[in-house]
Amino acid sequence: MAHIPDGVLSAPVFVVGGLAAVAALTFSLRALDDRQIPRVAILSASFFAISLFSIPIGPTSIHLLLGGLMGLILGPAIFPAIFAALLLQAMMFGFGGLTTLGINTINIAVPGALLGLAFRPAVARASVARAAILATICSALCVVATGLLVALSLAFSSPDYAASAKAMIATYVPLMVIEGLITGSCISFLKKVKPELLSPHAAGE
Amino acid sequence: MSGGARAGAPPLAAGGERSAGVIEALDGRTRLLGAFGLVLTIALLKDFPAKIAALVMALTLVSAAGLSFAAIGRKLLHVEGFMIALLLLLPFTASGVPIATFGPLVVSDRGVERAISLVITVNASVLTVLVLLTTIEPVRLGRSMAALGMPPRFVHLFLFLVRYLPILRDELTRQVEAMRARGFSMRLKRHTWRSLGNLVGMLLVRSIERAERVDEAMRCRGFSGRFPMRAMRPMGMADLRFAMLCTGVLVCLVLLEWLS
């Protein structure tokens, strides 16, 4: 849902998105240690595998975005993780776009990175039940933020898209609920089974 | 319109079976630069003639690469999944001269025009990417990216992702099958979300443990954070020809846009 293909956005929008993505990637790759690459990459592969898994909902199916969960677990390494996944998706399946790689990365990773940063200390400290609630809120907010950013990317590209973009936000509501619930239960599982994954010195930090 | 198409057609389409190797023979770097250049240009086009020329160019590439149109069609349908919402909404929501009404819904000429133009550009870009990039092994693509100056850390991450994605997809499929064997089915109830959350969590735990094993194995072999990258073969005549062809097509598209 959040992958805007080539040929939809206007040049200023995808150029600004591209520049922002280059800045974010440079910053987060610099912060990453060479030794952490396999760990971040294998985690990204599992997030990617999960997002490819389709969950049937009524007559259609949805795919998880996982921005909130990735932000909580990967921290700033969410930028290269999402960029690499989108690149692979564009190159392997022709799905998504090349000119829109930057803006798509920003739309998914920025909410994840910021909300992950904000929620992570509280999630790490909280009890299992409270952590699950916090993670639910975090990932639901991430989905909403991504939906808004996608709508804004469309609206800034052409006034003709503005009304459609507003209507498209509604399609994010079911995803928000489902992703929130699944992330909440996933975090409660991880707090019980592998609490160190959420400790201050985990994955991408 | 025929300008762009003619520039693209003869050298690639000539030769039937023999031409199947035309795209195959290209260097990864040529393909990456070519795909980015073409897709970027298509994204900048504004007028119909140039957009249609771009679509013709993309279709020419498909036939030159010897790809089956049926397989490509199936892929396109999948890609259009995202677009359906936008395409259905556009004719009703864009402001313009009304051309038809369905009850409270008004179809505007501008909306329809927008929707058609979107279908053309999106398909032209997707076809270009499908022909130039999806036909190459991701590992070669990784090496080409490194040769074009992508940061080595990112290239490593990309190559690891390529290596472990199929493995983790298999792992996920196995876990889902095991759940189904125990009688799990998707319903709108709490148990379903709890189980799916546990499934996601379990996959993450397993991938972390896998990453630890991989890391240990790599350190045993003296990994210091850098992979030795094989040098790339120098580019050949095929690459030069393709580069010239691409430049020609780009110039034609831009001229077409400029003239109309």
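Bear in mind that the values here come from a model prediction, so they are computed numbers and not experimental data. Letters go in sequence order (proteins before strands), and every chain restarts at 1.
Ranked by non-hydrogen atom pairs under 4.5 Å with chain B, the options A/Leu25, A/Asp33, A/Leu181 are led by A/Leu181. Looking only at heavy-atom pairs under 4.5 Å with chain B, the residue among A/Ser164, A/Ala84, A/Gly7, A/Pro80 that has the most is A/Ser164. Contacts with chain B were tallied for A/Ile187, A/Thr100, A/Leu52, A/Leu9; A/Leu52 has the most, counting heavy-atom pairs under 4.5 Å. Each of A/Ala162, A/Ala81, A/Ser10, A/Ser158 has some count of heavy-atom pairs under 4.5 Å with chain B, and the biggest count is that of A/Ser158. Ranking B/Ile167, B/Thr173, B/Leu90, B/Leu40 against chain A, the residue ahead of the rest is B/Leu90, based on heavy-atom pairs under 4.5 Å. The candidate from B/Met145, B/Glu171, B/Met202 with the greatest count of non-hydrogen atom pairs under 4.5 Å with chain A is B/Met202.
Of the two parts of A/Ala90, only the backbone, made up of N, CA, C and O, holds a non-hydrogen atom closer than 4.5 Å to a non-hydrogen atom of chain B. Contacts between B/Arg110 and chain A at a heavy-atom distance below 4.5 Å involve the side chain alone, from C-beta outward. Contacts between B/Arg219 and chain A at a heavy-atom distance below 4.5 Å involve the side chain alone, from C-beta outward. Only the side chain of A/Leu190 comes within less than 4.5 Å of a heavy atom of chain B; its backbone N, CA, C and O stay farther away. For B/Val39, the parts lying under 4.5 angstrom from a heavy atom of chain A are both the backbone and the side chain. Contact annotation for A/Leu69: only side-chain heavy atoms (C-beta onward) come within less than 4.5 Å of a heavy atom of chain B. A/Leu66 does not touch chain B: none of its heavy atoms, backbone or side chain, sits under 4.5 Å away. When heavy atoms are compared at a cutoff of 4.5 Å, B/Val214 approaches chain A solely by way of its side chain, counted from C-beta outward. There is no contact between B/Gln175 and chain A, counting heavy-atom distances below 4.5 Å. Contact of B/Leu132 with chain A is not made at all, since no heavy-atom distance falls under 4.5 Å. For chain A, the nearby parts of B/Ala35 are the backbone and the side chain; heavy atoms of each come within less than 4.5 Å. With a 4.5 Å cut-off on non-hydrogen atoms, B/Leu196 touches chain A through its backbone and its side chain both.
How far NZ of A/Lys166 is from OG1 of B/Thr93: 10.0 Å, rounded to the nearest 0.5 Å. A distance of 12.0 Å separates CG in B/Leu38 from OG1 in A/Thr99, rounded to the nearest 0.5 Å. With values rounded to the nearest 0.5 angstrom, B/Leu157 atom CG is found 7.5 Å from A/Leu32 atom CG. Between the CZ atom in B/Phe154 and the CD1 atom in A/Ile37 there is a gap of 10.0 Å [rounded to 0.5 Å]. Distance check, rounded to the nearest 0.5 Å: CD1 of A/Ile42 to CG of B/Leu165 gives 12.0 Å. With rounding to the nearest 0.5 Å, the separation of CE in B/Met218 from CZ in A/Arg35 is 9.5 Å.
Using a 4.5 Å heavy-atom cutoff, the side chains of A/Asp34 and B/Arg153 are in contact. Side chains of B/Asn198 and A/Ser185 form a contact here, defined as non-hydrogen atoms less than 4.5 Å apart. When side chains are defined from C-beta on, B/Leu86 counts as touching A/Leu154, because their heavy atoms get closer than 4.5 Å. In this structure, the side chains of A/Arg39 and B/Asp215 stay at 4.5 Å or more apart for every pair of heavy atoms.
Residues B/Phe160 and A/Ala41 come closest through the heavy atom pair CB-CB, 3.2 Å. Closest heavy-atom contact between B/Pro138 and A/Leu88: CB-CD1, 4.4 Å.
B/Leu88 meets the side-chain contact (heavy atoms from CB on, under 4.5 Å) test with B/Ile84; sequence neighbours excluded.
The environment of B/Phe48 atom CZ is dense: over 12 non-hydrogen atoms of other residues, nucleotides or ligands sit within 6.0 angstrom. Atom CZ of B/Arg180 is surrounded by 12 or fewer heavy atoms from other residues, nucleotides or ligands within 6.0 Å. For CZ of B/Phe184, the number of neighbouring non-hydrogen atoms (other residues, nucleotides, ligands) closer than 6.0 Å is greater than 12. Within 6.0 Å of CZ in B/Arg29 there are more than 12 heavy atoms belonging to other residues, nucleotides or ligands.
A side chain to side chain contact (heavy atoms under 4.5 Å, CB included) with A/Leu43 is found for exactly one of B/Leu203, B/Leu204, B/Leu161, namely B/Leu204.
Between the side chains of A/Ser46 and B/Arg210, no donor N or O sits under 3.5 Å from an acceptor N or O.
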Could you list the donor-acceptor pairs under 3.5 angstrom formed between side-chain atoms of residues 127-147 of chain A and any protein atom two or more places apart in sequence or on another chain?
unit_1	atom_1	unit_2	atom_2	d
A/Ser127	OG	A/Arg130	N	3.4
A/Thr136	OG1	A/Ala132	O	2.7
A/Thr136	OG1	A/Gly180	O	3.4
A/Ser139	OG	A/Ala135	O	3.2
A/Ser139	OG	A/Thr136	O	3.3
A/Ser139	OG	A/Thr183	OG1	3.4
A/Thr146	OG1	A/Asn107	O	3.0
A/Thr146	OG1	A/Cys142	O	3.0

